[in-house]
Amino acid sequence: MPNLLFVCSENRLRSATAEAVFCGCGDVEAIGAGTNADAATVVSGDLIEWADVIFAMETSHRDKIVRRYRQLLRRKRLVVLDVPDDFAYMDPRLVALLKARVARHVQL
């Protein structure tokens, strides 16, 4: 059962959508988090350790994760999905984009 961590800035739109979409996929566990201090769920060392694969929505999110948690990332897969902040929560276009891009990295 892979543990998937999805990271954006606020954990209100993109990563929250990803959590909702992938949590119901087979044996997958999914959590969304944000890099900003005021995110709904703030990314933490515990979440990094829990995750088998970490999906950053943008390069800037990956860079923040690497800066803060470099020591915890040694055996982790960290993938940038290149999903722009142009979507509302559960926007069907966002859901389709997430499914297509995540499927390249994890068998669901």
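Only this structure's heavy atoms are used, side chains among them; waters, hydrogens and symmetry mates stay out. Just so you know, these numbers come straight off a predicted model, no measurement behind them.
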Does any non-hydrogen side-chain atom of Val79 lie less than 4.5 Å from one of Ile54?
no

For residues 19-33, dump all side-chain donor-acceptor pairs below 3.5 Å to protein atoms at least two apart in sequence or in another chain.
from  : atom 1 : to    : atom 2 : distance (Å)
Glu19 : OE1    : Gly32 : N      : 2.9

Which pairs count as ring pair (Phe, Tyr, Trp, His ring centres under 6.0 Å) when at least one residue sits in residues 78-108, sequence neighbours excluded?
none

Sequence neighbours excluded, which residues qualify as side chain to side chain contact (heavy atoms under 4.5 Å, CB included) partners of Ala88?
none

I'd like to check the side chain to side chain donor-acceptor pair (under 3.5 Å) partners of Asn3; sequence neighbours left out, ordered by chain and number.
none

Separation between CE (Met90) and CG (Leu98), nearest 0.5 Å, reads 9.5 Å

Would you indicate whether the side-chain heavy atoms of Ser15 and Val7 approach each other to under 4.5 Å?
no

Least distance between heavy atoms, Val80 atom then Thr59 atom:
CG1-N, 3.7 Å

Straight-line distance of Leu47 CG to Leu72 CG, nearest 0.5 Å:
11.0 Å

Determine whether a donor-acceptor pair (N or O, by modelled atom type, separation under 3.5 Å) exists between the side chain of Lys76 and the backbone of Ala51.
yes

How close do Asp38 and Arg12 get, counting heavy atoms only, and between which atoms?
O-NH2, 3.0 Å

Show every salt bridge (charged side-chain N to carboxylate O under 4.0 Å, His left out) that has at least one partner inside residues 92-102, sequence neighbours left out.
Asp91-Arg93

With sequence neighbours left out, what residues match Glu58 under side chain to side chain donor-acceptor pair (under 3.5 Å)?
Arg14

Residue pairs involving residues 40-72 (criterion ring pair (Phe, Tyr, Trp, His ring centres under 6.0 Å); sequence neighbours excluded)
Phe6-Phe55

Could you tell me whether the side chain of Leu5 reaches within less than 4.5 Å of the side chain of Val53, counting heavy atoms only?
no

Test side chain to side chain donor-acceptor pair (under 3.5 Å) applied to Arg74 - qualifying residues, sequence neighbours left out
Gln71

Going by side-chain heavy atoms closer than 4.5 Å, which hydrophobic residues are tied to Val42, directly or by a chain of links?
none

Using the salt bridge (charged side-chain N to carboxylate O under 4.0 Å, His left out) criterion, which residues pair with Asp86? Sequence neighbours excluded.
none

Looking at side-chain heavy atoms only, is the closest gap between Val83 and Leu97 below 4.5 Å?
yes

Any chance you could measure Leu13, atom CG, to Met57, atom CE, to the nearest 0.5 Å?
10.5 Å

What one should report as the nearest heavy-atom pair of Thr35 and Arg68 is O-NH1, 2.9 Å

Please assess Ser9 against Asn36 for the test side chain to side chain contact (heavy atoms under 4.5 Å, CB included), listing each intermediate value before the final yes or no.
CA-CA 5 Å; Ser9 298; Asn36 292 356; 3.8 Å; yes

Between Leu4 and Asp52, does the side chain to side chain contact (heavy atoms under 4.5 Å, CB included) criterion hold? Intermediate values first, please.
CA-CA 6 Å; Leu4 309 180; Asp52 295 311; 5.6 Å; no

Residues forming a side chain to side chain donor-acceptor pair (under 3.5 Å) with Gln107, sequence neighbours excluded
none

Could you list the residues that satisfy salt bridge (charged side-chain N to carboxylate O under 4.0 Å, His left out) with Arg104, not counting sequence neighbours?
none

Given 3.5 Å as the limit, does a donor-acceptor pair link the side chain of Asn11 with the main chain of Thr41, or not?
yes

